[in-house]
Engineer: 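Submitted below is the structure of interest, expressed as structure tokens.
Source: prediction; values computed, not measured.
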Amino acid sequence: MSKNDENLVNIGIKDEKVSANFAKKIKDSLDLKTVVSPSKFEMEFAKENEEIKLIGQNFDPAFLSLLSDRKVELFPEFKQNEIQNLNWRAVLFQNETQTVNGFIDLEKAGTVKLKYGGQILDSVKLEKGKQHFNLTFPSFSLGKTSVNLDFDEVTIAEIKYYSRSSAKLKILVLAENPDFETKMLSEWLGKNGHTVDVETLITKNTQNKTNINQNKAVNYNIVFTTPYRASNPICQKTLKAGGGVFVYNLLENDLSLVNKSFSENFGIQRISLETEAKLPKDLIGIPFGFKENKNHQKFNKWPISVSNKRVGITLISETYPLLLSGDSITYRQIWGNVLQFLQPVRKNNIEIAAPIVRDLWTNIKFNNFDNSSEIFKAINDTIFTKISPINSNTRIGKYVFRQADWQKINDSLEVFVEVASVPYLSFIQTKTIINSYDSKMNVNTSQSNKPISILPDWLRLFLCIMLFIVVWIEAKW
């Protein structure tokens, strides 16, 4: 092997933006004989080399196509305080929880925040070094939405998604006193477009009824009730019709009444000797926590539990102080989540993970659509879907968005399509392209390696001669 041939065994290709220090570090650690630019590789090394080490992640897709039949390893470069991975939901309904997951290498400890204008949606303190983080907030908006991801007051990424209008519900609120909690909850539900009927006991035989918005539906979708009024027949009727019931203003001694009314088995245990429990955002609750129950689902941040019978209870004493202090985000987070858990099964659900990168395949799930032919109609294009093997009401499809920025899926839905212009998006693009070539090679390899029962030439010749001899001898006889 000549010296030049030896160089070809271990060759690296670096992108135009990779730092000299990082390129040298990879070259030395892998004992690469040479590192070249993409253009030099095309001119001098493209025909001979079988194994490639890509240094950095900012490579043109057209260049990567030249490597489709090679063994390729990728070594991306990320600087400190630079997002290395980030994902969120591209589409969701208003009041649904948006979740942002990420990974970053921090030069020093600090705080990562999600901000909308001057309002902090969620934040988390991170230590120095490589850190995963998870941030959540309720989708407060309608339509195109953009929030900033900041680290120590510097924006490091932008989260863009589309918030869809939720189905408007018919809700009944049952209370025995015209308190602030009932009043402000009813008003908030009404402001979100729902029909709200409020029935409040004035005296033992007198009720005060108020209505917010109008809805011709016969049955209620959700009933919010105090423990004293949980035995109202409308609660059971709502549950039988597929709706939900939620009990608020709960005290310790009320739990047995709730369990009896709904044949439930909610259990609580004391967590404090104080008369009340201190909760986040200066809220208070009764000094108890929920016992574990496999048939109940507890909320992550709040003492709220919902059973598989669609009955929910809260141990929070009051939530209206959040609105009085101007914290509408946390208020929406609490009550928006309650609506998500208790409302009837939604129709026309679309699941798309973000970021969506231009010219890459995007996976899309459609669930519970009335008319599957109207699922997805981008301009001059239609997506083809297949039924999920797990859920017959779910269809799965793939689509490539060829244009960047906001792109229409149909008349009432858009998604934001990114260009691979920042390191973590360039990494997604390059890694996805390489993986697609690698999967093709694996398929081709597996096909070529299938055992085929073909006899060697010498054995076939021997058998033919033997057969001829047998036939000749038989003829002589």
Engineer: Using a distance-only test with no angle check, is there a side-chain donor-acceptor pair under 3.5 angstrom linking Arg332 and Asn192?
Structural biologist: yes
Engineer: Can you confirm whether more than 12 heavy atoms, excluding those of Tyr228, are under 6.0 Å from its OH atom?
Structural biologist: no
Engineer: Please test Phe299 against Ser305 for side-chain contact (heavy atoms from CB on, under 4.5 Å), starting from the C-alpha separation and ending with a verdict.
Structural biologist: CA-CA 6 Å; Phe299 285 25; Ser305 182; over 6 Å; no
Engineer: Quick one, Leu315 and Leu250 - any side-chain contact, counting heavy atoms below 4.5 Å?
Structural biologist: yes
Engineer: So Lys113 and Glu153, do their side chains get closer than 4.5 Å, heavy atoms only?
Structural biologist: yes
Engineer: So that I know where these two stand, are Phe224 and Trp335 an aromatic pair - ring centroids less than 6.0 Å apart?
Structural biologist: yes
Engineer: What donor-acceptor contacts under 3.5 angstrom involve side-chain atoms of residues 117-133, with partners at least two apart or in another chain?
Structural biologist:
unit_1 : atom_1 : unit_2 : atom_2 : d
Asp122 : OD2    : Thr136 : N      : 2.9
Gln131 : NE2    : Glu127 : O      : 3.4
Gln131 : NE2    : Lys128 : O      : 3.4

Engineer: Which is it for Asn259 and Asn265 under the side chain to side chain donor-acceptor pair (under 3.5 Å) test, yes or no, and what are the steps along the way?
Structural biologist: CA-CA 6 Å; Asn259 283 334; Asn265 59 345; over 6 Å; no
Engineer: Looking only at non-hydrogen atoms, find the nearest pair between Asn253 and Ser256 and report the distance.
Structural biologist: O-OG, 3.7 Å
Engineer: Using the rule given for side-chain contact (heavy atoms from CB on, under 4.5 Å), can you reason through Ile350 versus Arg164, listing the C-alpha separation, both sets of side-chain angles and the distance that settles it, and then say yes or no?
Structural biologist: CA-CA 10 Å; Ile350 297 179; Arg164 304 171 66 192; 4.1 Å; yes
Engineer: For Ser317 and Glu276, which I'm curious about, is there any donor-acceptor pair between the side chains at under 3.5 Å?
Structural biologist: no
Engineer: Here's one to test your reading of the geometry: is the NZ or CZ of Arg89 within 45 degrees of the ring axis of Tyr161 and under 6.0 Å from its centre?
Structural biologist: no
Engineer: Check whether any side-chain N or O of Gln333 sits under 3.5 Å from a backbone N or O of Thr330 as a donor-acceptor pair, and report yes or no.
Structural biologist: no
Engineer: Tell me whether Asn213 contacts the main-chain N or O of Gly190 through its side chain, where contact means a donor paired with an acceptor under 3.5 Å.
Structural biologist: yes
Engineer: Using 4.0 Å as the upper bound for N to carboxylate O, is an ion pair formed by Arg346 and Glu96?
Structural biologist: yes
Engineer: Measure the shortest side-chain to side-chain distance between Lys14 and Ser37 over non-hydrogen atoms and say whether it is less than 4.5 angstrom.
Structural biologist: no
Engineer: On a heavy-atom basis, which atom in Pro344 and which in Leu169 lie closest, and how many Å separate them?
Structural biologist: CD-CD2, 4.3 Å
Engineer: Answer yes or no: are there more than 12 heavy-atom neighbours, outside Lys281 itself, under 6.0 Å from its atom NZ?
Structural biologist: no
Engineer: Is a donor on one side and an acceptor on the other found under 3.5 Å between the side chain of Asp28 and the backbone of Lys25?
Structural biologist: no
Engineer: Has Lys298 got its NZ or CZ under 6.0 Å from the middle of the six-membered ring of Phe290, at an angle within 45 degrees of the ring axis?
Structural biologist: no
Engineer: Evaluate the side-chain proximity of Ile234 to Leu172: yes if any heavy-atom separation is below 4.5 Å, no if none is.
Structural biologist: yes
Engineer: Restricting to non-hydrogen atoms, name the atom on Phe151 and the atom on Ile156 that form the minimum distance, rounded to 0.1 Å.
Structural biologist: CB-CD1, 4.0 Å
Engineer: Closest heavy-atom contact between Leu257 and Pro227?
Structural biologist: CD2-O, 3.2 Å
Engineer: For residues Pro355 and Leu86, report the shortest heavy-atom separation together with the two atoms involved.
Structural biologist: CD-O, 3.2 Å
Engineer: Report the C-alpha separation of Lys408 and Glu414 in whole Å, then their side-chain angles, then the decisive distance to 0.1 Å, and conclude whether the salt bridge (charged side-chain N to carboxylate O under 4.0 Å, His left out) test is met.
Structural biologist: CA-CA 4 Å; Lys408 277 193 172 186; Glu414 297 184 46; 5.4 Å; no
Engineer: Give a yes or no answer on whether the side chain of Arg270 reaches the backbone of Gly289 with a donor-acceptor pair at less than 3.5 Å.
Structural biologist: no
Engineer: Any non-hydrogen side-chain atom of Lys301 less than 4.5 Å from a side-chain atom of Ile334?
Structural biologist: no
Engineer: Between Tyr220 and Asp197, does the side chain to side chain donor-acceptor pair (under 3.5 Å) criterion hold? Intermediate values first, please.
Structural biologist: CA-CA 10 Å; Tyr220 289 104; Asp197 296 337; 2.7 Å; yes
Engineer: Shortest non-hydrogen contact from Ala404 to Val419?
Structural biologist: CB-CG2, 3.4 Å
Engineer: For Ile52, does its backbone N or O pair with a side-chain atom of Arg70 as donor and acceptor, under 3.5 Å?
Structural biologist: no
Engineer: Can you list the steps and then say if Lys183 with Glu187 is a salt bridge (charged side-chain N to carboxylate O under 4.0 Å, His left out)?
Structural biologist: CA-CA 6 Å; Lys183 179 179 183 297; Glu187 290 178 352; 2.8 Å; yes
Engineer: Does a donor on one side chain and an acceptor on the other come within less than 3.5 Å for Asn348 and Asn368?
Structural biologist: no
Engineer: Is it true that atom CD of Glu318 has more than 12 heavy atoms of other residues, nucleotides or ligands lying nearer than 6.0 Å?
Structural biologist: yes
Engineer: Using a 3.5 Å distance criterion without hydrogens, assess whether the side chain of Asn58 forms a donor-acceptor pair with backbone atoms of Lys17.
Structural biologist: no
Engineer: Are the side chain of Glu77 and the backbone of Ser19 linked by a donor-acceptor contact shorter than 3.5 Å?
Structural biologist: yes
Engineer: Counting N and O atoms only, with roles assigned by atom type, does the side chain of His296 sit under 3.5 Å from a partner on the main chain of Val306, one being a donor and the other an acceptor?
Structural biologist: no
Engineer: Sub-3.5 Å donor-acceptor pair from the side chain of Ser146 to the main-chain atoms of Lys160, do we have one?
Structural biologist: no
Engineer: Got more than 12 heavy atoms from elsewhere within 6.0 Å of CG, Asn295?
Structural biologist: yes
Engineer: Do Thr195 and Ile212 touch side chain to side chain, with heavy atoms closer than 4.5 Å?
Structural biologist: no
Engineer: Taking the ring of Trp361 and the ring of Tyr399, is the distance between their centroids below 6.0 Å?
Structural biologist: no
Engineer: List the steps, then state whether side-chain contact (heavy atoms from CB on, under 4.5 Å) holds for Asp405 with Val417.
Structural biologist: CA-CA 5 Å; Asp405 215 319; Val417 181; over 6 Å; no
Engineer: Do Glu264 and Ser307 have side-chain atoms, one donor and one acceptor, less than 3.5 Å apart?
Structural biologist: yes
Engineer: I'd like to know if the side chain of Ser263 and the backbone of Ser261 have a donor-acceptor N/O pair within less than 3.5 Å.
Structural biologist: no
Engineer: For Asn134, give me all partners under side chain to side chain donor-acceptor pair (under 3.5 Å), at least two apart in sequence or on another chain.
Structural biologist: Asn101
Engineer: Specify whether Phe137 and Phe140 have parallel, tilted or perpendicular ring planes, treating 30° as the upper limit for parallel and 60° as the lower limit for perpendicular.
Structural biologist: tilted
Engineer: When you check the side-chain N and O atoms of Thr182 and Asp179, is any donor under 3.5 Å from an acceptor?
Structural biologist: yes
Engineer: Do Tyr248 and Thr225 have side-chain N/O donor and acceptor atoms under 3.5 Å apart?
Structural biologist: no
Engineer: For Glu158, does the CD atom have more than 12 heavy-atom neighbours from other residues, nucleotides or ligands under 6.0 Å away?
Structural biologist: yes
Engineer: The test is side chain to side chain donor-acceptor pair (under 3.5 Å); show your working for Asp150 and Thr155 and say whether it passes.
Structural biologist: CA-CA 4 Å; Asp150 290 3; Thr155 298; 2.8 Å; yes
Engineer: Around atom CZ of Phe78, are there more than 12 heavy atoms of other residues, nucleotides or ligands at under 6.0 Å?
Structural biologist: yes
Engineer: Do Leu279 and Pro303 have side chains that approach each other closer than 4.5 Å (heavy atoms only, starting at C-beta)?
Structural biologist: yes
Engineer: Start with the C-alpha gap between Asn95 and Ser139, add the side-chain angles, then the distance that decides, and say whether side chain to side chain donor-acceptor pair (under 3.5 Å) holds.
Structural biologist: CA-CA 5 Å; Asn95 292 327; Ser139 182; over 6 Å; no
Engineer: What do you reckon, is NZ of Lys365 surrounded by more than 12 foreign heavy atoms closer than 6.0 Å?
Structural biologist: no
Engineer: Counting heavy atoms not belonging to Leu324, are there more than 12 under 6.0 Å from its CG?
Structural biologist: yes
Engineer: So Val247 and Thr226, do their side chains get closer than 4.5 Å, heavy atoms only?
Structural biologist: no
